Chemist: 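Can you read through this structure? Questions will come right after.
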Amino acid sequence: MVGIVVVSHSPDLARAAVTLALQMVHGSAPRIEVAAGTSDDRLGTDAAAVAEAVVAADDGEGVVVIMDLGSAVLSAELALELLPDPGIRTRLVSAAFVEGIFAAAVSAAAGAQLDVVARDAAEALDAKAAQLGQTQPPTGAHDSITPPAAVVAKATIVNADGIHARPAARIVATLASLDARVTIATERSAPVSARSPTALMSLGTRIGDVLRIEADGVDAAAAADRIAALVSDGFSELAGRDRLGPEASDRDQLSPSIGVSPGRVVGPALRMPDPIAAPDPTIRIPEAERPAAIEQLTSVAADIAEQLRSRSPAAGTVGQLLEATAAIATDPDLISDASRRIRDRGLTPERAAWEAIDSVADTLRAAGPRQAERVSDLYDIRNRMVSSLTGRAIPGVVDPGHPFVLLAVDLAPADTAGLERTRCLAIVTEEGGATSHTAIIARSLGIPAVVGVRGATAIPDGTVLLVDGKTGEVIKEPTVDQRATAATVSQPREMLISPGGTADGHRIALLANIGSAHEIAAALECGAEGVGLYRTELSFLGWTEAPSVGEQVSTYRTVFSRFGGRRVVVRTLDAGSDKPMPFLGQAAEPNPALGVRGFRTAASHPEVLHDQLDAVKEAAAAESADVWVMAPMISTVDEVRIFARAAHDAGLPVIGAMIETPAAALRAELILAEVDFVSIGTNDLAQYTFAADRHAASLAPLNDPWQPALLRMIEMVTTAADPRGKPVGVCGEAAADPLLAPVLAGLGISSLSMASGALAEVGRSLAAVTLEVCRRAARAACDSESPAAAREAVRAIIST
Ligand code: PEP
Ligand code: MG
């Protein structure tokens with residue numbers, strides 16, 4: 001692309017103008033270098049700095065230089081004499097500063113050649129001048145002596161905002177590859193050059209305006225046709241079913257965004273309601289009002305049961321579950337307990353319902369894991385009752401009865417209990433990065449997801465959204481053509497067809513990450529060789545009492561029994577931070593990600609660790625899975641020793657540690673001396689290496705698993721493991737990236753554990769390369785300067 005250098009007396013002025021111009025550029029932006037101010041921070045210009053900027057901006061296509069005034073022009077001229085490489089093609093342009101930068105940026109981004117970019121910049125002021133009636137019509141305008149155009153086309157504006165910035169940029173981009181001189185006029189205004197975005201915007205077009213498109217030159221016909229087609233298509237800003245709708249200007253690609261779980265789907269939006277807070281326990285209602293409150297509670301409970309039954313299909317598992325939940329709502333014991341709380345203590349009906357249901361939940365949990373599974377149904381009823389009694393929207397994902405695209409600020413594991421991939425077509429969140437819970441949950445469920453989409457929760461329910469979890473695109477009210485590119489129902493999962501390994505037979509075990517029952521099914525369906533990360537804490541989130549050994553044995557057996565003869569790596573409770581476990585009685589922490597989490601909780605609650613290890617041992621003894629155990633969030637050798645001793649005492653044969661902190665990576669050799677294997681949790685390892693919250697969308701680039709610093713950390717661990725020959729796995733989200741898989745294999749990783757949906761593609765990617773290629777890819781990635789450079793280097797190696 002042609003580069004641009006902006007020369008100004010003021011760095012602030014230059015940066016502001018560049019920022020404004022870049023707003024109009026979509027897709028890749030040209031290199032724009034600023035040479036502004038003097039070396040001692042005063043207003044002025046510096047020829048040497050301009051020369052440096054020209055060199056930096058050139059990628060072989062030449063550089064357009066735009067200056068503000070006076071000495072800026074002299075400095076730019078002198079700079080060209082100072083250039084170390086006289087071969088760099090440059091054009092100093094006498095363009096209006098703001099308009100010129102804007103036009104040059106759009107034109108360069110569209111792929112125009114050096115002289116075209118320079119001309120577009122130079123002509124950028126013509127339209128404004130013509131509009132103010134202060135000059136002759138701009139270049140390209142027709143007057144009486146201009147010969148008639150070769151091609152004339154007409155098109156009617158159908159989008160609400162006409163040719164605003166984005167459509168103008170699209171017209172310019174469309175013309176970039178065509179050899180034609182094109183003007184556009186309306187009935188109210190003189191023709192302007194169709195290659196000038198500012199001129200196009202100055203036409204002030206509105207819906208219903210008829211444009212006259214005139215074109216000359218070799219590609220005149222194609223140019224006129226393509227512009228007419230763009231205009232008639234509303235510049236892709238229209239919904240297929242509502243082409244002239246009033247909200248057309250809202251229809252847009254939402255950005256910035258990060259695709260974190262692949263799949264391209266289209267469906268109506270559904271916003272996740274706010275969570276329900278516990279009703280105030282201190283309010284008392286007068287005695288005289290209590291009978292009416294009891295009546296209100298009873299009738300709300302009956303209404304909720306009725307709503308659930310009316311959504312219930314006549315038969316099948318879902319129908320039975322909804323019927324069971326409806327029955328809970330009108331359970332006479334529950335209603336009489338809540339009524340007593342109103343009658344005797346004067347609680348509000350919502351508080352009475354809250355307390356009564358909490359008490360049943362406690363009883364169910366104590367009754368064993370099978371009964372505990374119903375607790376989420378109870379909470380569903382509780383939330384419905386409280387919201388109905390207080391006139392609020394029901395929290396959590398309430399199935400609207402049709403497939404939907406879920407919109408939320410961010411998702412915690414508990415929010416998505418019961419989220420069905422057949423119902424939830426896609427997830428779009430405002431917060432989160434590639435390793436945030438939303439991303440992990442979405443991948444594990446096989447639901448396409450995009451995170452970091454600002455304003456997502458402001459989109460009204462029912463708005464049709466197209467979501468592409470690979471590219472990160474989220475398009476409101478897509479056109480008919482766009483919709484045709486996406487699925488309207490969830491896609492079947494792909495299966496891993498052969499055990500993991502490179503083309504020359506180097507084995508890499510391909511395992512699944514699981515945390516709940518539905519993930520077991522997905523792992524089996526996708527052909528996982530085993531489980532590389534069993535997140536046990538997800539079974540006990542929110543529990544107020546520690547699960548007993550018996551409860552845990554039953555939970556773990558459910559998993560082990562499904563993976564008979566296969567490896568299952570059990571991670572002990574990774575409590576704390578965003579995975580609350582009230583039974584650990586943790587105090588609120590100012591910075592929980594850096595607080596008492598993971599293995600650190602064992603210091604204050606050793607009995608919880610010992611019970612869990614005993615339960616894992618007992619469950620393993622009863623089933624035939626090859627059970628390994630590991631501890632999360634290890635940061636010192638002492639911690640590993642304590643864990644290894646406890647696991648050994650519990651009789652567990654294969655003991656490991658997670659490498660999730662830079663401290664653990666640095667001490668990998670000593671840690672490996674204590675255990676049989678390690679597994680690298682790249683999600684946390686990245687967050688702690690870069691001191692960048694993995695849930696913060698704005699920091700997602702730092703948590704990119706392709707960051708060479710993270711890859712070097714992994715290399716440090718595999719190098720330490722090599723002499724001992726102990727296995728090193730990766731179980732963070734990095735393992736699910738098919739392009740990264742050869743890099744990890746080349747670094748010496750022996751297993752990759754990931755969301756099941758990624759298994760097939762990762763398997764294919766490994767099977768296409770030899771170990772030698774993997775090693776070269778690993779070296780190149782580790783030695784790259786940036787994630788982008790690492791990706792590019794690896795792609796080049798793999799494709800040769
Ligand atoms: C990790 O940190 O990479 C990991 C696998 O653990 P979690 O994502 O559960 O924190
Ligand atoms: Mg972790």
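Order of appearance sets the numbers: ligands from 1, and atoms from 1 within every ligand. Remember, predicted model here, so these are calculated numbers, not experimental data.
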Chemist: Considering only NZ, NE, NH1 and NH2 on the basic side and carboxylate oxygens on the acidic side, decide whether R566 and D626 come within less than 4.0 Å.
Modeler: no
Chemist: Is the ring pair F677/W628 parallel, tilted or perpendicular, if the boundaries are 30 and 60 degrees?
Modeler: tilted
Chemist: Of all the heavy-atom pairs spanning L510 and G500, show the shortest one and how long it is.
Modeler: CD1-CA, 3.5 Å
Chemist: Would you tell me which option among M754, M633, R597, E660 has the nearest heavy-atom contact to atom 2 (O) of ligand 1?
Modeler: E660
Chemist: Identify, by name, the N, O or S atom of E660 lying closest to the Mg ion (ligand 2).
Modeler: OE2
Chemist: Looking at the Mg ion (ligand 2), is there an N, O or S atom belonging to D684 that lies under 2.8 Å away from it?
Modeler: yes
Chemist: Distance alone, cut at 3.5 Å: any donor-acceptor contact between the side chains of E733 and T682?
Modeler: no
Chemist: Take every heavy atom of Q687, measure it against each atom of ligand 1, and state whether any distance is under 4.0 Å.
Modeler: no
Chemist: Side chains of Y556 and E551 only: does a donor on one sit below 3.5 Å from an acceptor on the other?
Modeler: no
Chemist: I'd like to know if the side chain of Q707 pairs up with that of D704 as donor and acceptor (distance under 3.5 Å, no hydrogens or angles considered).
Modeler: no
Chemist: Could you go through the side chain to side chain donor-acceptor pair (under 3.5 Å) check for E525 and S756 one step at a time?
Modeler: CA-CA 8 Å; E525 213 182 296; S756 306; over 6 Å; no
Chemist: Is it the side chain, the backbone, both or neither of R535 that has a heavy atom closer than 4.0 Å to ligand 1?
Modeler: side chain
Chemist: Which atoms of ligand 1 are found less than 4.0 Å from any heavy atom of C731?
Modeler: 5 (C)
Chemist: Could you name the option among E537, R571, E733 that has the heavy atom nearest to atom 6 (O) of ligand 1?
Modeler: R571
Chemist: Counting only heavy atoms closer than 4.0 Å, does ligand 1 sit against the backbone of L533, its side chain, both, or neither?
Modeler: side chain
Chemist: Among all protein heavy atoms, pick the one closest to atom 8 (O) of ligand 1 and tell me residue, atom and distance.
Modeler: R694 NH2, 2.8 Å
Chemist: Which ligand 1 atoms, with their elements, are less than 4.0 angstrom from a heavy-atom of G732?
Modeler: 3 (O), 5 (C)
